[in-house]
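The structure under discussion appears below in the form of structure tokens.
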Amino acid sequence: MRPLVRRFSQLHPPNKTTYTYNTMMKAQLQNPTPDPQKALGFFNKMRRNGISCDNYTYPIVLKACRMTRGLWEGRQVHGEIVKVGFFNSDVYVRNGLIGMYCKSGQMSCSRALFEGFCEKDLVSWNLLVSGYVECGDMVEAQKVFDEMPERDVVSWSIMIDGYGKKTGDIVRARLLFDKMDERDVVSWNTMIDLYAKVGDMVAARELFDMMDRKSLVSWSIIINGYLQHQDPMEALYVFNLMLSHDIKPDKFCVVGAISACAQLGALDQGKWIHMYIKKKKIVSDIVVNTALTDMYMKCGSTEEARAVFNGMPEKNVVSWNAMISGLGANGFGDEALTYFSQMEQEQIQVDDLIYVSVLSACSHGGFVAKGLEIFNRIKDPKVEHYGCLIDLLVRAGKLEQAISFIASMPMEPNKDLWGSVLLGCRVQKYVGLGEFVLNKLKKVGGDDCGVYVLMSNIYGDNGMWEEGMKMRKILLEKGMVKEGGKSVIEAVDGGLVEFVCGKNSKLCRNDDIEHVLWSLSKMVDLE
DNA sequence: ATAGGGTTAG
């Protein structure tokens, strides 16, 4: 039996028509993982085999050039188009050319082509405007926009996005948005995304709530917006809202929700989402799996984190980092080091953050020699790496060695680094050094509330009560208040409850929790 | 067939 469908490569040359090639090239650009290089490969083969191009071929090829930013290839195609005589016959071909030149930043070229067109349509105008926007030339973009014989939602959205992203003029963007006669999903999402990016989640949410037809992009903008601006509770709330509306989230929304669980330490919610992804067959990728690994690690569930990580079909440096930093933070320092060497064996490119994770794993595990060895392998150590090293030495009780390392640093120590030293001063009762460090911290603006409390304790530990009181007085004078600590606890019913320390909040259930803590402490006392 | 929105994870 001959197969009904034959692979492209099995077709004989006479069957390889222009149409077939066009379809193949288009498929390369529309794949989940677009490969414009491959599309251009087909194009070259097409010409080698003497297959003629038609008016559908060139827009596709030009788009491929645009995606690879292959200006040289694009110019060749341009020449061929003129030679073959397609230039003046087809507006799609001409627009493809403008798009290609715009993406390579050749605005004078695009403009000249545009001016020479016998006939231009709305797409030609929009391409020109978006070209200027891309270059950050909002003045010229506005000029062209004003000259347009007619404008559609695309023209307006390009301008809105440009004012927001290129000049940061969100007020102007909003003015344009309000001026629009009609808006589609993309124009709404563009405006909402601008607000979310600058952290104005109130405005973003207001628009989002006003939308009647939200797309998955809209939901993802809001969920990830809350996440990026330290409101994981709200991110999770919106995610659950989505589910209650029977909307199936995609990987972008799901990643936001998983990361929110990681930030909150909401293990049960996280597990539930993990199950939900599997059950609903949501297309996961390396990012989703890395987020899951990180979430399990942050929630202290190392076993499940290992299971996700080891089951990943492919991993990148971010995945390895989630694993290594997670193991270190959960007290599996030696295992973190094992994974690190495995990672190096698999030829994964090590980056700065990996070294931070590995060094802090050494620090928590007390592996001084190993930590020093790894530090010496870093080609261009950053202040964060020195910070890890100092922390490692301080925790190991080697304060003097830490100080001499600081002296050898090619850059200024930051406040975290001095903070580690100050902690060491308390443990080893070094008052004078503590005072020295406090002065350094003042200079880098790192003398926060915790620092004065620590310094006061250093004085106290050494019987210097008056100096200790002085620190307390500074706290009062500067009006420094310890930032309210906040924990989120998963209630028995699966809901999330905030437990706020240092201030009273009517919204949280501090009384209930304090009551439980009180009974627990009584039980401990009885033992 | 050409133009505008989310690149999310450490």
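In what follows, chains carry the letters A, B, and so on, assigned in the order in which the sequence lines appear, proteins first and then strands, with residues in each chain numbered from 1. Computed over heavy atoms, backbone and side chain alike; hydrogens, waters and symmetry mates excluded. Treat the numbers as computed from the prediction; the structure is a model and nothing was measured.
Listed nucleotides B:dA9, B:dA3, B:dT2 differ in distance to A:P59; the shortest reach to its side chain belongs to B:dT2. Of the candidate nucleotides B:dG10, B:dA1, B:dG4, B:dG10 has the atom nearest to the side chain of A:V318. Side-chain proximity of A:V123 to the nucleotides B:dA9, B:dG6, B:dA3 is greatest for B:dA3. Distances were taken from every side-chain heavy atom of A:V287 (C-beta onward) to each of B:dA1, B:dG6, B:dT8; the shortest belongs to B:dT8. Side-chain atoms of A:V153 lie closest to B:dG4 of the nucleotides B:dA3, B:dG4, B:dG10. Each of B:dG4, B:dG10, B:dT2 was ranked by its minimum atom distance to the side chain of A:I354; first place goes to B:dG10. If you check B:dG4, B:dT8, B:dT2 against the side chain of A:N224, the one that comes closest is B:dT8. Minimum atom distance to the side chain of A:V154 is reached by B:dA3, of the listed B:dA3, B:dG10, B:dT2. Side-chain proximity of A:N316 to the nucleotides B:dG10, B:dA9, B:dG6 is greatest for B:dA9.
Residue A:K165 has no polar side-chain atom (N or O) positioned under 4.0 Å from OP1 or OP2 of B:dG4. Under 4.0 angstrom from either OP1 or OP2 of B:dA9 there lies no side-chain N or O belonging to A:Q263.
Taking the centre of each ring, A:F114 and A:W125 come in below the 6.0 Å mark. A centroid separation of less than 6.0 Å is found between the aromatic rings of A:Y386 and A:F375. Less than 6.0 angstrom separates the ring centroid of A:W156 from the ring centroid of A:F145. Two rings, from A:W219 and A:F239, have their centers 6.0 Å or more apart. In this structure, the ring of A:F309 has its center less than 6.0 angstrom from the ring center of A:Y339.
B:dG4 atom P lies 21 Å from atom CZ of A:R183, rounded to whole Å. Residue A:D285 contributes atom CG, which lies 9 Å from atom C1' of B:dA9 at whole-angstrom precision. When the C1' atom of B:dA9 is taken as reference, atom CG of A:D294 falls 7 Å away, rounded to whole Å. Whole-Å rounding puts the A:Q30 CD to B:dT2 P distance at 7 Å. Taking atom CD1 of A:I223 as the reference point, atom P of B:dT8 lies 15 Å away to the nearest angstrom. Regarding A:L62, its CG atom lies at a distance of 11 Å from the P atom of B:dA3, rounded to whole Å. One interatomic measurement links the two molecules: CG of A:N95 to C1' of B:dT2, which rounds to 5 Å at whole-angstrom precision. In this structure, the CD1 atom of A:I258 is 11 Å from the P atom of B:dA9, given to the nearest Å.
In the model, A:T23 has no side-chain atom that pairs as donor or acceptor with a side-chain atom of A:T20 under 3.5 Å. Between A:Y58 and A:D90, the side chains place no donor N or O within less than 3.5 Å of an acceptor N or O (distance only, hydrogens not considered).
Of the residues in residues 194-215 of chain A, those placing a heavy atom less than 4.0 Å from an atom of DNA chain B are A:K197, A:S215, in numerical order. Scanning residues 246-255 of chain A for heavy-atom distances under 4.0 Å to DNA chain B yields A:D250, A:F252, A:V255.
Base engagement by A:L353 is indicated by at least one non-hydrogen atom pair under 4.0 Å involving a base atom. Heavy atoms of A:E134 sit nowhere under 4.0 angstrom from any nucleic acid atom. Nucleic acid contact for A:D90: base, since at least one base atom lies under 4.0 Å from a heavy atom of the residue. Looking at heavy-atom distances under 4.0 Å, A:R151 makes no contact with the nucleic acid at all. Among the heavy atoms of the strands lying under 4.0 Å from A:V317 is at least one base atom, whether or not backbone atoms are also near. Residue-level contact check: A:S130 touches neither bases nor backbone, having no heavy atom under 4.0 Å from any strand. Here A:K120 lies out of heavy-atom contact (under 4.0 Å) with every strand. Within 4.0 Å (heavy atoms only), A:S187 reaches at least one base atom of the nucleic acid. Counting any heavy atom pair closer than 4.0 Å across all strands shown, A:L216 reaches a base atom.
Under a 3.5 Å cut-off, the side chain of A:T167 and the backbone N or O of A:Y163 do form a donor-acceptor pair.
Between A:L113 and A:R94 the shortest side-chain heavy-atom distance does not fall below 4.5 Å.
The minimum heavy-atom distance linking A:D391 with A:S420 is given by the pair OD1-OG, 3.3 Å.
Exactly one of A:R111, A:H78, A:Q106 qualifies for a side-chain hydrogen bond (donor to acceptor under 3.5 Å, both in side chains) with A:Y101. That residue is A:H78.
A salt bridge links A:R205 and A:E234; the closest N-O separation between the charged side-chain nitrogens and carboxylate oxygens is under 4.0 Å.
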